[in-house]
Amino acid sequence: MVMAPRLLLCAAVVGLSASVANCQWLQATIPIPDTLGGLGGAWVVAYDSASNCVYVGGQGSDVMVVDCATNKRIARVPTGPMVVALCCNTHDNKVYSADYVGGTVTVVDAASNQRLKTLTMSRPPYAFCYNPLANKVYCGAESVYVIDGASDSVLATVPAGVSSELCLCYNPQDDKVYAANSEDSSITVIDGTTNQVLTTIRVGRVPLGLCYNWQNDKVYCSSSYDNTLSVIDGATDSVLAVLAIPGGPRRLCYASQNNKVYCANIDTVVTVVDGATDAITATVPVPGRTSDLRYAPQSNKVYCAHGTGTSVTIIDAAADTVVASVRFGTQAQPYGLCYNPRKNEVYCVNHGRNNLAALDCVGDSVLATVSLAAFSVSDLVYDSRDDRIYCASSAAGAVAAVDGATNAVLTTVEVGYRPSRLCYNPHDNKVYCANYADTSVSVIDGATSTVLATVRVGTQPEQLCYNPVNRRVYCSSRYPDPVVSVIDGDSNVVLATILLPDQATDLCHNSADNKVYCATADTLVVIDCVDDSLVAKVRVAHGAGVLCYNSQGNKVYCTSSGHPDQAVTVVDGEGDSVLTTIPVGDWGYGICYDPLNNRVYTTNYVAQSAVTVIDGAADVVDTVILVSFGPRWLGLDTLHNWLYCSCDNRAVKVIDCVGESLVKGFYFDDYPTRMAFSPTRGRMYVACGTSVCVFGDSTSGVEETTTADLRSTKSGPTVVRGVLFLPSSLLTANSSLLSSDGRKVLDLKAGANDVRGLAPGVYFVREAQAQAQAVHKVVVTR
């Protein structure tokens with residue numbers, strides 16, 4: 001192999017031999033974004049005024065605590081696997097959590113956010129209400145359990161058929177608790193002092209919703225099957241009126257400023273009732289079924305969350321007209337609401353996106369969105385200009401930026417729903433994030449880690465590919481038709497939309513001919529990037545899987561992942577014809593190209609549990625390296641010439657690309673998946689569940705040495721102050737500069753070559769296309 005001596009300062013040409021002694025080590029594990037983890041499918045929320053915190057529960061176990069001052073998660077309290085109701089005890093500063101599956105009530109100290117006690121109920125708990133006069137908590141669980149707020153002991157059990165989170169309310173003026181019995185069309189009235197049943201009130205079929213009007217001392221009960229609203233005198237517990245409310249009345253709330261009761265139907269209507277006369281005064285159309293109602297007294301507005309939709313509708317309680325609608329994106333499912341009087345804000349739990357949104361009740365805008373999901377990393381990309389690693393989390397709907405120098409999380413960027421893939425544009429210093437469950441690609445400024453633009457593409461955008469020649473990003477989408485959207489790197493607008501014959505499984509760019517290849521079903525679709533038109537379709541063996549580009553041979557390699565008889569189809573990049581088909585084993589999920597050794601690596605998932613090495617010149621299998629069960633993803637360390645392979649037995653295996661042998665293995669508690677390499681730091685970043693594992697040299701710096709058998713007195717390329725000098729002795733007709741992933745970024749000439757426009761990082765000078773070994777490594781610094 002022809003190599004130049006090691007250069008100082010701005011250029012470095014290093015030996016490519018690897019050994020076990022100087023193999024990478026696990027340097028750090030970065031929790032992304034914190035150690036709290038997350039919830040699954042949040043849907044209930046309660047505000048605690050003493051601590052100024054919001055408590056959120058849902059399908060996943062535990063309750064998450066969010067500080068309303070900072071809108072940050074501050075604690076996670078172990079409770080039960082399905083939290084269906086929350087209640088605050090303002091006297092003792094406690095929060096009560098109802099676990100429907102476990103049949104328990106967890107008592108939480110709101111000052112320390114520690115679990116104080118767990119009460120076991122004989123039936124699954126559904127609902128809560130609080131009696132501040134006697135400091136009692138009432139828990140509905142097909143009976144009503146009366147809990148002492150000081151000792152958290154059960155004082156009494158009152159027979160009542162509570163079966164919904166809406167079925168309890170407290171009347172402070174008469175010190176009574178009302179429990180709706182959905183099965184026998186009645187309301188049980190409980191004395192707040194003696195815990196005895198005072199009376200039973202007959203109402204309509206399937207009573208579900210209750211609320212109290214303190215100005216007129218009335219209790220309102222909605223009966224969804226009867227389409228009625230019963231008005232009850234709080235003093236005598238007699239029914240004063242029965243109002244016909246078509247469409248299945250359910251949710252209720254009381255607006256004190258104008259003395260009105262708002263009743264949300266199962267249909268898309270909110271009915272307004274005068275609290276003094278009990279007359280229906282208005283009906284307000286809303287865009288969907290209302291899952292919760294909440295009154296904001298300081299702004300005199302009613303907020304309606306539409307749990308089967310994507311928005312919250314805001315009603316002016318004076319005029320009874322819709323004044324605003326706040327949308328949270330695709331599949332948001334805003335389910336639960338609570339009000340913060342300190343800040344005049346409404347908090348909304350979005351069940352589908354599993355986050356908490358803070359709404360300003362003055363401007364009706366979203367002030368902040370707090371992800372409640374565990375930040376399970378779905379993809380990584382390296383920003384060479386700012387030395388940052390961007391980590392996307394499909395579950396959290398966010399992208400975290402990690403400092404490459406310190407491995408510390410700098411910030412978390414909210415993007416669209418279920419971000420799946422990332423790619424980096426070094427020229428414009430932008431990170432692109434495909435939001436799979438949205439119709440968008442988020443464009444992130446690499447310098448500030450903020451969203452610059454949201455680009456609308458097709459539904460379920462999945463694969464991304466950057467074209468450095470035209471500075472464009474190609475994004476494949478699945479529905480309603482499979483397409484590739486072409487995004488301009490300067491303006492962040494879609495320049496073209498190209499229809500595909502089937503859904504794309506991968507994209508790659510051919511830098512020599514400026515083409516993009518799309519793997520679709522049994523066809524490789526070729527796009528000419530000059531005019532963004534479809535120019536060819538190439539049949540591949542056993543269905544197209546994933547792709548890589550061989551820059552030295554101008555060839556595209558396509559696996560047949562998902563097929564037991566896997567083969568790699570080799571396509572000529574100039575003529576777009578099949579050169580050969582290479583049998584390689586079974587079920588290939590990963591593929592990558594090594595420009596240093598002109599080798600292509602692909603994984604064999606099941607039977608062989610191996611990595612197959614293909615000679616990029618002859619297109620034949622060079623060797624097969626056994627790794628671990630279920631090898632999937634690959635990452636190439638171009639600084640040390642090592643290949644990383646993540647496997648389904650929670651292992652990462654390291655392969656010496658020169659010796660083509662397995663040299664090291666690491667095992668983890670979670671599953672390692674996708675990778676990103678930092679040539680600036682010589683580190684490999686591996687997504688591993690809710691963390692990112694960092695592999696680097698065992699010493700603090702990268703010690704680059706040149707072994708005696710690789711030394712040469714031949715003058716090599718040098719980089720000084722943004723200029724790459726290429727000696728004329730090295731110049732050939734095919735001299736070019738390659739990026740660390742093998743893409744051609746510049747045609748070289750003898751003498752000075754301006755490289756100031758390139759992002760910092762490791763590059764390779766290729767002497768001749770026919771000589772794979774004639775490759776020199778150079779480092780472009782800032």
Side-chain angles (χ1 to χ4, degrees), residues 377-384 389-394 397-399 413 415-446 451-479 482-498 500 503-511 514-520 525 527 529 532 544-549 556 590-592 633 635 673-677 687 739 741-743 759:
V377 182
S378 53
D379 200 12
L380 303 170
V381 75
Y382 179 63
D383 169 2
S384 54
I389 299 89
Y390 284 85
C391 313
S393 171
S394 180
V399 174
V413 186
V415 289
Y417 187 39
R418 288 186 62 190
S420 57
R421 296 302 300 272
L422 300 170
C423 79
Y424 179 59
N425 171 354
H427 184 274
D428 299 293
N429 196 22
K430 296 175 180 177
V431 174
Y432 297 81
C433 176
N435 303 308
Y436 180 76
D438 270 344
T439 58
S440 69
V441 172
S442 299
V443 185
I444 301 171
D445 181 1
V451 175
L452 293 172
T454 300
V455 183
R456 293 296 167 187
V457 290
T459 303
Q460 293 187 358
E462 190 170 22
Q463 306 297 332
L464 293 172
C465 171
Y466 175 62
N467 172 1
V469 179
N470 300 96
R471 302 203 305 275
R472 296 172 183 172
V473 171
Y474 292 75
C475 174
S476 67
S477 303
R478 288 175 172 261
Y479 301 106
V483 296
V484 167
S485 301
V486 185
I487 303 171
D488 180 62
D490 295 327
S491 62
N492 302 321
V493 300
V494 175
L495 300 175
T497 301
I498 304 161
L500 300 177
Q503 299 169 2
T505 56
D506 203 9
L507 304 172
C508 81
H509 181 247
N510 169 352
S511 55
N514 196 19
K515 301 173 183 175
V516 164
Y517 292 79
C518 309
T520 65
V525 175
I527 298 172
C529 296
D532 291 320
V546 291
L547 305 171
C548 76
Y549 176 62
V556 174
I591 192 168
C592 77
W633 289 275
T673 54
R674 298 193 181 273
M675 309 178 196
F677 180 62
S739 63
D741 59 0
R743 291 182 291 104

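Looking at Asp490 and Arg471, a side-chain N of the basic residue comes within less than 4.0 Å of a carboxylate O on the acidic one, giving a salt bridge. Remark: Arg456 does not engage Asp438 in a salt bridge, criterion side-chain N to carboxylate O under 4.0 Å.
With values rounded to the nearest 0.5 angstrom, Asp532 atom CG is found 3.5 Å from Tyr474 atom OH. Here the straight-line distance linking atom SG of Cys508 with atom OH of Tyr517 works out to 7.5 Å at 0.5 Å rounding. To the nearest 0.5 Å, atoms CD1 (Ile487) and CG (Asn467) are separated by 12.5 Å. Once rounded to the nearest 0.5 Å, the distance linking CD1 of Ile389 with CG of Leu422 reads 12.0 Å. For the atom pair CZ (Arg421) and OH (Tyr436), the distance works out to 13.0 Å, reported to the nearest 0.5 Å. For the atom pair Ser420 OG and Gln463 CD, the distance stands at 7.5 Å (nearest 0.5 Å).
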Walk me through it: do Leu547 and Ile591 pass the test side-chain contact (heavy atoms from CB on, under 4.5 Å)? CA-CA 7 Å; Leu547 305 171; Ile591 192 168; 5.6 Å; no
Would you check, one step at a time, whether the test side-chain contact (heavy atoms from CB on, under 4.5 Å) holds for Asn514 with His509? CA-CA 7 Å; Asn514 196 19; His509 181 247; 3.0 Å; yes
I would like to know whether Met675 and Tyr382 meet side-chain contact (heavy atoms from CB on, under 4.5 Å); could you show each step before the answer? CA-CA 9 Å; Met675 309 178 196; Tyr382 179 63; over 6 Å; no
Working for side-chain contact (heavy atoms from CB on, under 4.5 Å), residues Val483 and Leu500: CA-CA 5 Å; Val483 296; Leu500 300 177; 5.6 Å; no
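Between Leu380 and Arg674, the shortest heavy-atom contact is CD1-O, 3.6 Å. The shortest non-hydrogen separation linking Ala434 to Leu464 is N-CD1, 3.7 Å. What you find for Ser394 and Ser378 is that their closest heavy atoms are N-OG, 3.3 Å. The heavy-atom pair separating Ser485 from Gly458 by the smallest distance is OG-N, 4.3 Å. Of all heavy-atom pairs spanning Gly489 and Asn425, the tightest one is CA-ND2, 4.0 Å. In terms of heavy atoms, Gly545 sits closest to Asp506 at O-CB, 3.7 Å.
With no hydrogens or angles considered, a side-chain donor-acceptor pair links Tyr549 and Asn510 at under 3.5 Å. A donor-acceptor contact under 3.5 angstrom links the side chains of Asn429 and Tyr424, judged on distance only. When only modelled atom types and interatomic distance are considered, Asp379 and Tyr390 share no side-chain donor-acceptor pair under 3.5 Å. Counted by atom type alone, Tyr479 and Gln460 present zero donor-acceptor pairs between their side chains at under 3.5 Å. Between the side chains of Ser442 and Asn435, a donor-acceptor pair is found at a separation under 3.5 Å.
In this structure the side chain of Cys518 reaches within 4.5 angstrom of the side chain of Ile527, judged on heavy atoms. A heavy-atom distance below 4.5 Å is found between the side chains of Val413 and Val451. The side-chain heavy atoms of Ser393 and Val377, taken from C-beta on, include no pair separated by under 4.5 Å. Taking the side chain as every heavy atom from C-beta outward, Val473 and Lys430 never approach each other to under 4.5 Å. Looking at Leu452 and Ile444, their side chains never come closer than 4.5 Å, going by heavy atoms from C-beta outward.
Formation of a donor-acceptor pair under 3.5 Å by the Arg472 side chain with backbone atoms of Leu495 is not found in this model. With Thr505 contributing its side chain and Ala519 its backbone, the two residues share a donor-acceptor pair below 3.5 Å.
For Asp488, there are no salt bridge (charged side-chain N to carboxylate O under 4.0 Å, His left out) partners, not counting sequence neighbours. Listed by chain and number, the residues in a salt bridge (charged side-chain N to carboxylate O under 4.0 Å, His left out) with Arg478 are Glu462 (sequence neighbours excluded).
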